[in-house]
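Everything below concerns the one structure shown next.
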Amino acid sequence: MAAREQRGRLIQRPRGGAVVGRTTSGGTVHLVVAGTNQKRTVCDDDVTHTSNSDHPLRHHRFTSAPPPTTITTTLTDDSAANLIDKTRTLNHLLEIHAAILRHGLHQNPILNFKLQRSYASLGHLDHSTSLFRRTHNPNVFFWTSIIHAHALHAAHHPHALSLYAQMLSNADAVRPNAFTLSSILKSCPIEPGRALHGHALKMGFICDVYVGTAVLDVYARAGDVVAARKVFDEMPERSLVCLTAMITCYAKNGGVDEARAVFDGVGERDVVCWNVMIDGYAQRGLPGEALGMFRRMLAAKVRPTEVTFLAVLSACAQIGALECGSVHVATALVDMYCKCGSLEDARMVFDGIKGKDVVAWNSMIVGYAMHGFSKDAMELFARMRKLGVWPTDITFIGVLSACSHAGLVTEGRNFFKSMKDEYQIGPKIEHYGCMVDLLGRAGLLDEAYELVKNMEMDPDLILWGTLLAACRLHGRYEMGKQIAEWLVRSGLANSGTCTLLSNIYAATGNWDGVAKMRTLMKDSGVQKEPGCSSIEVNNRVYEFLAGDMKHPKSKDIYVMLEELNMLLKAHGYTPQTDIVLHDIREEDKERVLGVHSEKLAIAFGLISTKPGTTIRIVKNLRVCVDCHTVTKLISKITDRKIILKYWPRNLESVLPKLIHRLSN
DNA sequence: ATAGGGTTAG
């Protein structure tokens with residue numbers, strides 16, 4: 001045992017210091033020892049041999065963690081190989097190893113090989129090396145495998161080089177091939193790397209795309225862009241990995257533009273390729289470009305990894321927007337994409353999060369629910385529960401509003417009940433809000449009103465507003481009028497209440513009431529925030545107010561609107577003029593409706609983006625019924641996906657702001 | 001029968 005340890009040290013640090021280089025002369029490869037510049041031959045005795053009888057594992061019994069598979073007494077070469085391939089834990093591997101020794105199968109080089117690889121891949125290089133050391137005359141496969149195992153971690157690179165040197169100078173002189181070369185190149189700094197490049201050229205290995213890429217990478221790591229490019233240019237074929245190595249080389253050595261040029265020429269990009277480009281921009285201090293790339297990556301349906309998040313985080317940090325950990329950042333991104341209406345992008349980021357916490361689940365569930373993807377929200381909730389993640393009150397906001405959007409009254413009632421009974425989460429006013437919305441939308445206004453009256457807390461204006469909106473939706477004007485007038489009388493009303501009451505008056509033809517409300521709103525100073533719709537085109541955010549003429553393309557926008565109007569009417573659309581709060585002529589009402597800010601934004605989106613592009617509008621106020629109908633029709637007529645999102649300004653969070661900032 | 005290349009901090 002002591003002798004083996006001593007030999008181990010000897011191999012790691014040969015006489016004179018670490019092996020860092022070697023030279024080629026006339027096709028013969030010699031080893032150069034650092035510091036001495038002496039040539040040295042590693043003798044065969046450096047390789048330890050052990051026999052089955054003295055193996056420490058022979059009588060090993062494992063008591064902790066039962067093995068996943070029972071090892072039968074009839075272990076064969078094939079079944080043993082099979083077991084090794086399926087092994088995922090060290091304990092199980094040790095168990096199999098012991099069984100192999102007990103059955104005398106340890107002579108089988110394939111089994112030994114597989115064991116050695118398994119130990120290495122499970123992160124136990126020590127076991128792997130010790131097994132390799134006990135192997136008689138390892139062939140080129142064994143050598144390549146053990147060298148590769150050492151090449152995977154920078155800490156073991158000197159040892160990998162030492163092993164390579166031993167392989168060359170062994171009595172049996174195992175000759176390296178392209179596989180061996182590509183493995184050892186990973187461990188090489190520029191100096192032995194350059195020599196190996198020469199060797200690869202001489203032996204014709206340089207034509208191998210793996211070797212070529214590894215050589216390119218050696219120069220890239222050393223910052224020799226010219227040499228790397230030369231290797232790249234002379235390669236007979238270029239894989240995605242090779243292209244990525246070239247992009248990395250440029251990106252890391254101050255040539256983002258050159259990197260981008262190569263990147264643009266890549267046909268099918270994978271996540272690593274995108275990561276390199278995103279990180280390249282982030283490292284060059286171009287966070288806007290980095291985030292733009294990230295968005296493009298998501299658009300290309302490439303799922304981000306934690307490396308992506310790191311680069312994106314770095315870009316965000318440069319803008320000074322984020323100061324939190326990576327699950328949090330990823331969740332913030334999910335949230336951001338949900339709020340911007342990009343549910344697919346949000347989902348892509350969500351799926352990439354390792355170790356999702358309940359906040360991450362909540363963001364995605366609420367995101368789906370808020371955009372009417374009730375089924376997805378419910379499915380995600382079920383999956384979350386299956387994985388044992390305990391819901392919070394926010395989860396139920398998502399679940400309940402999903403029920404509300406889908407009209408699932410019974411399910412909603414059950415969730416509301418289970419929230420208290422099963423999960424011990426006391427409903428907050430927001431949950432009552434969801435229930436009122438659910439019942440209200442379903443026309444069950446009396447039940448909704450009862451719920452509000454029996455709440456353990458005082459209803460707020462949002463809750464009343466929900467109920468009032470439902471009253472208007474189902475024509476329950478009397479109930480709505482009573483509630484709203486009471487709110488106005490008790491001085492609780494806000495602009496929303498007044499607007500709704502005006503709506504109700506207008507709907508019932510009570511123009512005196514409408515006029516009274518207008519005066520009241522003016523006098524009491526309750527002001528309606530002007531409706532404003534924004535749209536992002538070519539990385540710029542454009543804002544529109546109702547009847548806006550300030551946009552340079554206003555003329556085109558209005559021409560487009562007129563054309564749309566014609567088509568809409570041909571599709572049977574009639575403007576819902578009853579929502580207009582002015583006692584004016586019918587055609588004037590139509591005119592007022594026709595220039596609502598979201599319609600202008602949509603028209604602008606249609607004339608300034610390519611056919612088929614999704615149009616995303618964010619509006620600060622709720623979208624009126626007419627605009628909702630029109631938007632759905634326009635989407636159908638123009639065959640465009642249109643996302644019209646209500647997002648109040650005062651609730652705007654950091655990330656949507658970030659997007660706006662980046663866009664300006 | 002058994003092996004290989006590209007992305008991660010200031």
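Throughout, protein chains are lettered first and strands after them, A, B, ... in sequence-line order, and every chain is numbered starting at 1. Just so it is clear, the values below take in all heavy atoms, side chains as well, and ignore hydrogens, waters and symmetry mates.
In the interface, the side chain of A:D208 is paired with the base of B:dG4 through a donor and an acceptor atom under 3.5 Å apart. Judged by distance alone, with hydrogens and angles left aside, A:N177 brings no side-chain donor or acceptor close enough to the base of B:dG4 to form a pair under 3.5 Å. The base of B:dG5 lies close enough to the side chain of A:T213 for a donor and an acceptor atom to sit less than 3.5 Å apart. No N or O donor and acceptor, one from the side chain of A:S183 and one from the base of B:dG4, sit under 3.5 Å apart.
With centroids closer than 5.5 Å and planes inclined by less than 30 degrees as the test, A:F113 and the base of B:dT2 fail to qualify as a stacked pair.
Listed candidates were B:dG6, B:dG4, B:dT8. Nearest to the side chain of A:C273 is B:dG6. The side chain of A:A214 lies closest to B:dG5 when the candidates are B:dA9, B:dG5, B:dT7. Side-chain atoms of A:V307 lie closest to B:dT8 of the nucleotides B:dG6, B:dA3, B:dT8. With B:dT8, B:dG6, B:dA3 as the candidates, the nucleotide lying closest to the side chain of A:D217 is B:dG6. Distance from the side chain of A:F142 is smallest for B:dT2 among the nucleotides B:dT2, B:dG6, B:dG4.
Under the side chain to side chain contact (heavy atoms under 4.5 Å, CB included) test applied with A:H92, the options A:I84, A:T87, A:L122 reduce to a single match, A:T87.
Between A:N82 and A:S79, the side chains place no donor N or O within less than 3.5 Å of an acceptor N or O (distance only, hydrogens not considered).
Annotation: A:W361 is in aromatic contact with A:F350 [ring centroid separation under 6.0 Å].
OP1 or OP2 of B:dA3 has not a single side-chain nitrogen or oxygen of A:H148 nearer than 4.0 Å. Between A:K114 and B:dT2 there is no side-chain polar atom (N or O) within less than 4.0 angstrom of OP1 or OP2.
For the pair A:Q166 and A:W143, the minimum side-chain heavy-atom distance is below 4.5 Å.
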